[in-house]
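Residue numbers run from 1 in the order of the sequence given. All values below come from the heavy atoms of this structure, side chains included, with hydrogens, waters and symmetry mates left out.
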Amino acid sequence: MRFPPRSPRRPHHSPAGRHARRSAGPPRARRRALYWTAAAAVATAAVLLTLLPVLGDDGDGDGDGDGGPHRGAAAHRSAPGAGDEADAGDRRAGPSRRAGGRQKPLPAPRTVPAVRSYERAPGTGWRPARRARVVAEDGQLTDEAMRLAGELGMRYADDDSGGTGDAGGDGDGDSGEGDGDDGDRATALGHRAGDVRLRLAPHRAGGPEAYRIDVADGRATVTAATDTGVFYGTRTLLQAVRADGGVPAGRIDDRPDRPQRGFMVDIARKHFSAAWLADRVREMADLKLNQLHLHLSDDQAFRVESATHPEVVSDPHLTKAEVTDIVELAAGLHITVIPEIDSPGHLGAVLDAHPGLQLKTPEGRPVEGAIDISKPRAARLVDDLLKEYAPLFPGPYWHLGGDEYVALMASDPEARYPHLAAAARERHGAGAAVADLTASWLNGRADTVKEFGKKVKAWNDGFIPGAKVAPDRDREVEYWTGKEAYARDPQAFLEDGRRLVNLNDEYLYYVLGEPNDFTYPTGERIYEEWTPAVLRGTRPVPRRLAGPEKVLGARFAVWCDLAGAQTPKQVAEGVRLPLAALAQKVWDPRKPALAWGEFTELAGAVRGG
């Protein structure tokens, strides 16, 4: 299955640190053109059906009022309540009119996550309108302009060339029929009611993902330092249209609180199709999440095609072509895909094909999922896979795993696995222990992926306190539990200068079948109780250690321990509100303004089809 991931883009390296994109040959370009032409036709029809009552006036409206300033998520309070079912239906359909044909005033922007700052101004707000266009002031914004135009049924225009057309880029030009302004380039390109201008301002403050939206005279301008920030601005416009039909006059200033905001899927224990993953990527993009973590292998299966070791691959699995499409779709939506091949534990599927490399007890009993890290051939096997897949995932990160190595979970690892203890002493000197051999294994795998320019992550139980061999200082800690062997409180990592990502299993672990006392997490609990500072259990770390430079963000994780417990469709529905709640809490550090019921209604209203 191939799905066109993105519209044509000029080669560009974003300051946001997004990964390099692959060059697209003619077949891919043709697929993109067909995709965008079809997408534009469908989107145009859908939007016209919902906007027919108001398109006649080109969105000039009646002026959206000059009420006082509204800031951030608190502005949501101005919207009608959840009980107003008729109004809620109108909002979902887009712009609506008062009795007598007048447009309703637009409320302050309502989005998920909420914008962090909105200042209302007098004047006419922005609504999509007939003959309106999305104008890219810079060729680097072509994708963003074409995408938004397709989503809103608008036209696309490139300020560099003056060319216009539909969202497929095959434009027939704009005849300006009935406009009376054919010769006025200012009016034709971004200065008529309903137009959107996308603008780069490379030195703008706020970070690579920050953006500003200025709305005046029925037009909207999105400004950001990078194409990522501009993209997030377009998500705000799109959601505002879905919720209420547009954005009132004024200024939005918005930026994320945490740089890493994501979703993890265990595609090893349970197969998820490429189409299912693509749907989740699109859902993530609308929520301004920016990382998709794929757990590729575990004891039950290894789910990606391999040329170097086809014997380890399970059926069904993703082909490399499917993975490439997912990665490219994600890149076009400003999402980095983070692969994980877990080791030295959780390698059961690989070891089924290489039983001679499985760790064994002195009695000769194989240890489930554990590779024998004393054997050089074990390192070569895993490195083969790392080297094969590193180019397939061109993003900046690689996840080493490192959790739940059974040898370390013994009460006395040296006594239980004497040959590992002997290898540790041989390689690292007298007094070295199994913990040192394990730390050395992970450092070796880190060295392998660093040859491809990767930044390295590992689960918190892959950082073993007291070991003579220390983990690399730049390795990020993915903190999930405090119940592991060598349990270490997150505060200890932070005091040691480590940077953490929050995957607290109390709130952020969706484990199929609910084994081992897990229960399915709810969006409500995340929304009302959890913050990025709550890394373990329900207790936050001290404020001085909880800032975004120390706790980099969070990720919601789906683990498929009992794979048959839910269908992929049930999983998608089960994670929908938790993902929305997570998106809110990692974007805006303040207490949410909306009650949970109001938030769930809004999350449904802004959700794409």
Side-chain angles (χ1 to χ4, degrees), residues 1-5 261-287 289-306 312-333 335-342 346-350 385 389 392-393 395 397-399 401 478 480 503 508-515 518 520-521 523 555-580 582-583 607-609:
M1 170 187 170
R2 307 285 283 180
F3 41 86
R261 310 175 302 279
F263 180 42
M264 194 226 84
V265 185
D266 171 7
I267 67 170
R269 294 180 176 94
K270 184 179 183 70
H271 175 67
F272 292 94
S273 70
W276 189 94
L277 291 168
D279 286 343
R280 303 290 76 71
V281 166
R282 296 184 184 101
E283 183 179 352
M284 292 170 61
D286 276 358
L287 295 171
L289 299 175
N290 64 0
Q291 291 180 343
L292 174 64
H293 170 183
L294 296 179
H295 182 77
L296 305 181
S297 64
D298 215 294
D299 295 340
Q300 293 76 4
F302 191 103
R303 297 283 188 187
V304 178
E305 173 189 356
S306 173
V312 308
V313 179
S314 309
D315 283 322
H317 61 266
L318 296 175
T319 67
K320 287 186 176 180
E322 288 174 322
V323 171
T324 296
D325 282 346
I326 292 166
V327 168
E328 290 190 350
L329 173 67
L333 297 173
I335 293 169
T336 294
V337 180
I338 303 172
E340 177 195 354
I341 295 179
D342 202 347
H346 293 283
L347 279 172
V350 171
L385 295 168
Y389 291 121
L392 189 63
F393 297 94
Y397 291 103
W398 190 279
H399 201 301
E478 305 259 301
W480 71 281
L503 288 98
L508 305 180
Y509 262 35
Y510 191 96
V511 184
L512 297 197
E514 301 181 307
F518 282 105
Y520 291 125
R555 204 173 303 129
F556 187 81
V558 171
W559 292 102
C560 303
D561 290 40
L562 300 176
Q566 289 191 343
T567 65
K569 182 177 180 181
Q570 289 172 322
V571 174
E573 182 57 30
V575 305
R576 183 176 66 84
L577 286 175
L579 276 178
L582 176 81
R607 188 182 183 195

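Rounded to the nearest 0.5 angstrom, Leu277 CG and Ile326 CD1 are separated by 4.5 Å. In this structure, CG in Leu296 is found 7.5 Å from OH in Tyr389, a value given to the nearest 0.5 Å. The line from SG of Cys560 to CD of Gln300 is 9.5 Å long, rounded to the nearest 0.5 Å. Interatomic distance, CD of Glu305 versus OG1 of Thr319, reported as 6.0 Å (0.5 Å rounding). The distance from atom CG of Leu329 to atom CG of Leu292, rounded to the nearest 0.5 Å, is 10.0 Å. Separating the CG atom in Leu508 from the CH2 atom in Trp480 is a distance of 13.0 Å, to the nearest 0.5 Å.
Contact detail for Gly608 and Asp286: the closest heavy-atom pair is N-OD2, 4.1 Å. For the residue pair Leu333 and Ala285, the shortest heavy atom distance occurs at CB-CB, 3.8 Å. Residues Ser306 and Lys320 share a closest heavy-atom pair of CA-CE, 4.5 Å. The two atoms that bring Phe302 and Leu385 nearest to each other are CE1-CD1, 4.1 Å, heavy atoms only. When all heavy atoms are compared, the tightest approach of Gln566 to Leu512 is OE1-CD2, 3.7 Å.
In this structure the side chain of Leu294 never reaches within 4.5 angstrom of the side chain of Ile338, judged on heavy atoms. With contacts defined as side-chain heavy-atom distances shorter than 4.5 Å, the pair Asp266/Met264 qualifies. Residues Trp559 and Phe518 form no side-chain contact, since every pair of their non-hydrogen atoms from C-beta on lies 4.5 Å or further apart. Contact check for Phe263 versus Val575: side-chain heavy atoms found under the 4.5 Å cut-off. Contact check for Leu392 versus Val323: side-chain heavy atoms found under the 4.5 Å cut-off. Between Leu318 and Ile267, the closest side-chain pair of non-hydrogen atoms falls below 4.5 Å. In this structure, Pro339 and Trp398 have side chains that are in contact, with non-hydrogen atoms separated by less than 4.5 Å. Annotation: side chain of Trp276 is in contact with side chain of Val265 (closest heavy-atom distance under 4.5 Å).
Pairs passing the salt bridge (Lys or Arg N to Asp or Glu O under 4.0 Å) check and including a residue from residues 270-280, sequence neighbours excluded, read Asp279-Arg282, Arg280-Glu283. Contacts classified as salt bridge (Lys or Arg N to Asp or Glu O under 4.0 Å) and involving residues 291-302 (residues at least two apart or in different chains) are given here: Arg269-Asp298.
A donor-acceptor pair under 3.5 Å is formed between the side chain of Tyr520 and the backbone N or O of Gly513. Between the side chain of His346 and the backbone N or O of Gly348, no donor-acceptor pair lies under 3.5 Å. With hydrogens and angles ignored, the 3.5 Å screen pairs no side-chain donor or acceptor of Ser297 with any backbone N or O of Ile341. Proximity of a side-chain donor or acceptor of Arg303 to a complementary backbone N or O of Ala268 within less than 3.5 Å is detected. Listed for the Gln570 side chain is a donor-acceptor partner under 3.5 Å among the backbone atoms of Thr567.
Side chains of Arg261 and Gln291: a donor-acceptor N/O pair is absent below 3.5 angstrom, by distance only. Using modelled atom types and a 3.5 Å distance limit, the side chains of Tyr397 and Glu340 yield no donor-acceptor pair.
Note on ring orientation: taking the six-membered ring where Trp is involved, the planes of His399 and His293 are parallel (angle under 30°, cut-offs 30° and 60°).
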